[in-house]
Amino acid sequence: MARYNAKESEQRWQAAWNDDHVFLTPTDRAKPKCYVLEMFPYPSGRIHIGHVRNYTMGDVLARFKRAQGFNVLHPMGWDAFGLPAENAAREKHVSPRDWTYANIAAMKDQLKLMGLSLDWTREFATCDPAYYKHQQKLFLDFWREGLVYRSEADVNWDPVDQTVLANEQVIDGRGWRSGAPVERKKLSQWFLKITAYSDSLLEALDTLSRWPEKVRLMQKNWIGRSEGLRFTFKLSNGGEVEVFSTRPDTLFGASFVALSPDHPLTEELAKQGGALARFQAECRRIGTAEEAIEKAEKLGYDTGLTATHPFDPNWKLPVYVANFVLMAYGTGAIFGCPAHDQRDLDFVHKYNLPVVPVVIPEGADPRSFDVGNEAYVGPGRLANSRFLDGMTVEQAKDEVAKRLEAQGGAKRTVQYRLRDWLVSRQRPWGCPIPMVHCAKCGVVPVGESDLPVKAPDDLAFNVKGNPLDAHPTWKHTTCPKCGGAATRDTDTLDTFVDSSWYFARFCDTNAAEPVNREAVDYWLPVDQYIGGIEHAILHLLYARFFMRAMKKAEWVRIEEPFAGLFTQGMVCHETYKDSKGDWLPPEAVNKRDGGAFLKDSHEPVTVGPSEKMSKSKKNVVAPETIIDIFGADTIRWFMLSDTPPERDIEWTAEGADACWKFVQRIWRLASETGLPPVGTPVSGDHPLRRATHRAIAAVTEDLAALRFNRAVAQVYTLVNAVGSTQNAPPAAQREALETLVLLIGPMMPHLAESCWEALGHKPFVATAPWPVADPALVAEDTITMAVQVNGKLRGTITVAKDCDKAEAEKAALALETVQRVLDGKTPKKVIVVPNRIVNIVA
RNA sequence: GCCCCCGUGGCGGAAUGGUAGACGCGGCAGACUCAAAAUCUGUUGCCUUCACGGGCGUGCUGGUUCAAGUCCGGCCGGGGGCACCA
């Protein structure tokens, strides 16, 4: 019997699927739909093993749903704008476009080796003008709907990438791509009004039942809703200042008012120059980097002004400018209550201001309660607070709000941490912002008939700043409104805009408008989205916002783009170092006799922990290499086996060998001769038939729940059953083997086709219906029940399914082991859980 | 600092409160072979026993329950998210 030739088989079946258009998206609307999507890749030029894991999972699901009779949409495209193309352009003197499309071609070839059931006719790249044309249209729609605005603001400036970043793209005070500490700059920039949907984005999280709890929680924290009160303090200079507080109950514990260094009032006071202006500059210099914040002392500048306590005209509070007050949150001004806020407490210790506890924990004495160095933030009763004394925190909050609202100038509000999405990027390889700046008319949108606004091809990349801005002619245009001379906006959109709606475009990639409404109504939302956890906030929040904005612009009717979300784990590998401490690639290492050695010199190698595959640690394996050795099915099987899909998986050579052996084992079973012909009726009740139908039920359930590792285990169980019942009736053997092939179809599609053919069937498994389990063969008719005495296992009994309790009890008590332990005593109590357990309490 | 998740054999991991360790890797023993590879069979949590058997076992510790890996409290360890957000 010939060994299974994966390479030959895989090429053959990939060609056959392609020739027969097996994976084209159905156009009928009669069947239920299932939209399966994996996060589309950035075209770096090579697929890495993380892609393989991601796309294998998606492909299994797509094939499984197709077999179950769904109309499946399973497309692929390219998130193609971005900085690496510009860097390549600068270093290799190629155009970003040529570089990107060459990478796409190379990656597509590699992806095709995996045998993914994708509809390639829907492929597009976000850098195609045919795509971003519609994105520009959406931008203009959003502008019309009031969801786009331009504003001068403090922005996060990445000094390495020479561009601004959104808040979500600043990780620990550093640029998400460059890793450079982010600087603050004041620039006029484009924003998308994501905060218009703060509440909706927050509340709808509860409806996303098929999202990981973790991701929902991360988004919830990111949006950061808090309820509080806005109210004003009158100032000694005749002005007033509005503050925001979530703890208005602590108002009688106030000891200062603090303004942000960027507060308009601070600006005004600093105009006179001098110490305050210097203080202000100092605060700005420190920036937003994590280390800076960690080390930065709470610093204040006493303005000399005082603020009048809203409940006591004779009570004056000092007004400081403080470095820890953020202009972007609340009103940019606060009142400080040191006893019940750690930050305020640190501040007053420095400036010797009073600390008056006003919330006293249950059981403590109000006269002697002292917070010491740790602010008390727990519940309790109000004290030292005049008319609030004795109230709970909640009652006091309410009372203060009521009274201040009555006095005027106060308002209960909800405050969010979420900021608007800054989408301007000073980069040329992106979607140009379709706006024109006219001296006479101001900002004017480009006419829709003039879309797409395309960037020129002849960009110079050796310039400082944005090559688009530096281009000699491109930005000069005429005003769409008055026809006079005007300039184009030279910023491009954040590439996260590109990925915020691509899944909607996939529904009809030929649509003349941004989307085909009929197609999106049918296909959206995406039923199962699969990708990395690293997009938990950025991409997934932006896409949720985009759906809402597109709904407002009447392109879609839904608000949530992804009904199901799955975040898969990373692929890891052991790390290796030689005696000099330099990293070694896995292929240079030979593992034997419990040790690891260099392949050529037999020098011992230090084996380090398994870590995410990365170039710097050299612990990478190239997908194309392992596909070349084992074939795609082996790699796919590895990616699905053993480790639950949401966890990190470790790639090992032994594991790959084992998967390869299993491929051969299935091939040996399926290519056996001596089976009755296709269509031989099978009936009766044989253990092999039971194993077969139990496998159908279990694999079906596990695949539907994306428990691929368990589905794999169930397949092994069936294979073991086939192997150990060689004397089963031939028809039952055929049934078992055919079932096996159908069950592995989504996971090892090429092997399945070859086996299907060997079993005498016509192609394709890919279009064959999913097997259905016979309930009569899945159900057990005899049950093994555990018998415990005082919770300790003493034996088992075999009884008829659903036998009555008395019968089970009698059988259990009859066990010799039970009798020995009971030693003649009568049990106090016997608990019988039908079909499960008998517990005898002695 | 705040919030969240996870701790099960040598390893990856199973287990609606009901026989802990399914399935796989690795190990051990055997068959086939001149030999090896490949394949097949058996075995494999720990301790104890010639054996039958017995005891102990899901990070530690208390609790709820006839019954706890699973539920609740406290601790220890690992990972992640947010972080001057008033």
Side-chain angles (χ1 to χ4, degrees), chain A residues 3 171-173 212-222 224-226 228 243-248 250 258 260 286 288 290 292-294 296-298 322-326 328-337 340-344 346-347 374 377 415-419 533 536-537 594 610 637-638 641-644 647-650 652 654-655 657-659 661-662 664-665 668 698 707 709-720 723-724 784-797 817 820 827-842:
Chain A
R3 276 166 74 80
I171 317 287
D172 295 341
E213 186 59 44
K214 183 189 167 86
V215 174
R216 288 191 284 168
L217 191 71
M218 281 166 71
Q219 291 211 357
K220 188 181 167 203
N221 292 338
W222 186 263
R225 181 183 199 272
S226 42
V243 299
F244 172 75
S245 175
T246 55
R247 293 297 302 274
T250 63
S260 163
I286 290 171
T288 52
E290 184 193 20
I293 288 166
E294 200 86 330
E297 273 184 281
K298 308 270 176 282
N323 63 349
F324 60 86
V325 182
L326 305 175
Y329 188 80
T331 61
I334 61 162
F335 80 82
C337 174
H340 306 291
D341 182 297
Q342 191 59 43
R343 198 193 39 203
D344 295 346
D346 295 345
F347 186 79
E374 216 170 303
V377 294
Q415 194 63 47
Y416 297 92
R417 216 190 68 104
L418 184 69
R419 313 282 160 78
I533 185 78
I537 294 172
S610 186
W637 191 249
F638 187 110
S641 299
D642 297 344
T643 303
R647 284 197 218 168
D648 290 353
I649 193 172
E650 187 185 8
T652 62
E654 301 80 48
D657 284 339
C659 292
K661 285 179 188 174
F662 187 63
Q664 294 295 347
R665 188 174 171 197
R668 273 195 306 277
R707 291 188 296 242
N709 57 318
R710 294 213 318 197
V712 162
Q714 301 294 351
V715 169
Y716 275 108
T717 305
L718 176 58
V719 167
N720 290 341
S724 64
T784 305
M785 288 176 74
V787 177
Q788 297 182 337
V789 178
N790 293 331
K792 221 167 234 177
L793 185 71
R794 294 296 171 186
T796 57
I797 52 172
T817 45
R820 192 168 54 221
K828 289 192 192 113
K829 193 174 170 187
V830 178
I831 291 141
V832 180
V833 182
N835 300 330
R836 291 217 174 263
I837 203 163
V838 180
N839 191 9
I840 298 158
V841 185

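Naming: A, B, ... by sequence-line order, numbering from 1 per chain. Hydrogens, waters and symmetry mates are skipped; everything else that's a heavy atom, side chains included, is used.
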Any side-chain N or O of [X] less than 4.0 Å from the OP1 or OP2 oxygen of [N]?
X: A/Asn709; N: B/C23; result: no
X: A/Arg836; N: B/A67; result: no
X: A/Ser226; N: B/A86; result: yes
X: A/Lys792; N: B/C56; result: yes
X: A/Arg665; N: B/C40; result: yes
X: A/Tyr716; N: B/G24; result: no
X: A/Arg343; N: B/A86; result: no
X: A/Arg820; N: B/G54; result: yes

Which heavy-atom pair separates A/Phe244 from A/Thr331 by the least distance, and what is that distance?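 Of all heavy-atom pairs spanning A/Phe244 and A/Thr331, the closest is N-OG1, 3.5 Å.
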Can you give me the closest heavy-atom contact between A/Thr643 and A/Asp648, atom names plus distance?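 Shortest heavy-atom separation between A/Thr643 and A/Asp648 comes out as CG2-O, 3.3 Å.
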With heavy-atom distances below 4.5 Å as the criterion, would you say the side chains of A/Ile533 and A/Lys214 are in contact?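 A side-chain contact exists here, since the closest heavy-atom pair is under 4.5 Å.
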Touch check for [X], heavy atoms < 4.0 angstrom, all strands: base, sugar-phosphate only, or nothing?
X: A/Val833; answer: base
X: A/Thr796; answer: base
X: A/Asn720; answer: sugar-phosphate
X: A/Asn790; answer: nothing
X: A/Lys661; answer: sugar-phosphate
X: A/Arg707; answer: nothing

Ignoring the backbone of [X], work out which of [options] is nearest its side chain.
X: A/Thr643; options: B/G12, B/U19, B/A86; answer: B/G12
X: A/Leu326; options: B/U19, B/C66, B/A86; answer: B/A86
X: A/Trp222; options: B/A38, B/A86, B/C82; answer: B/C82
X: A/Thr784; options: B/C25, B/U19, B/C82; answer: B/U19
X: A/Gln788; options: B/A86, B/U19, B/C23; answer: B/U19
X: A/Val325; options: B/A86, B/G18, B/G12; answer: B/A86

Rounded distance in Å between the P positions of B/G57 and B/A20: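 Looking at atom P only, B/G57 and B/A20 are 13 Å apart.
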With rounding to whole Å, what would you report as the distance between B/U58 and B/G69 at their P atoms?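 One P to the other, the span is 7 Å.
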Report the distance from atom [atom1] of [X] to atom [atom2] of [N], rounded to the nearest whole Å.
X: A/Asp648; N: B/C11; atom1: CG; atom2: P; result: 18 Å
X: A/Leu793; N: B/G57; atom1: CG; atom2: P; result: 15 Å
X: A/Ile533; N: B/C5; atom1: CD1; atom2: C1'; result: 11 Å
X: A/Ile840; N: B/G18; atom1: CD1; atom2: P; result: 19 Å
X: A/Arg647; N: B/G78; atom1: CZ; atom2: P; result: 18 Å

Check whether any side-chain N or O of A/Thr817 sits under 3.5 Å from a backbone N or O of A/Arg794 as a donor-acceptor pair, and report yes or no.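 Pair found, side chain donor or acceptor close to backbone of A/Arg794.
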Between the base of [N] and the side chain of [X], is there a donor and acceptor pair under 3.5 angstrom?
X: A/Lys298; N: B/C84; answer: yes
X: A/Asn839; N: B/C66; answer: yes
X: A/Arg668; N: B/C40; answer: no

Pick the closest RNA chain B nucleotide for A/Phe335 and for A/Asn221 by heavy atoms, then say which residue is nearer the 5' end.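 Its nearest nucleotide being more 5', the pick is A/Asn221.
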Which residue lies more 5' along RNA chain B, comparing A/Asp344 with A/Pro644 via nearest heavy atoms: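 Upstream on the strand: A/Pro644.
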Please determine whether side chain to side chain contact (heavy atoms under 4.5 Å, CB included) holds for the pair A/Phe347 and A/Asp341, giving the CA-CA distance in whole Å, both sets of side-chain angles, and the decisive distance to 0.1 Å. CA-CA 10 Å; A/Phe347 186 79; A/Asp341 182 297; over 6 Å; no
Would you classify B/G10 as syn or anti? Syn applies when the glycosidic angle is within 90° of 0.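 Nucleotide B/G10 adopts anti.
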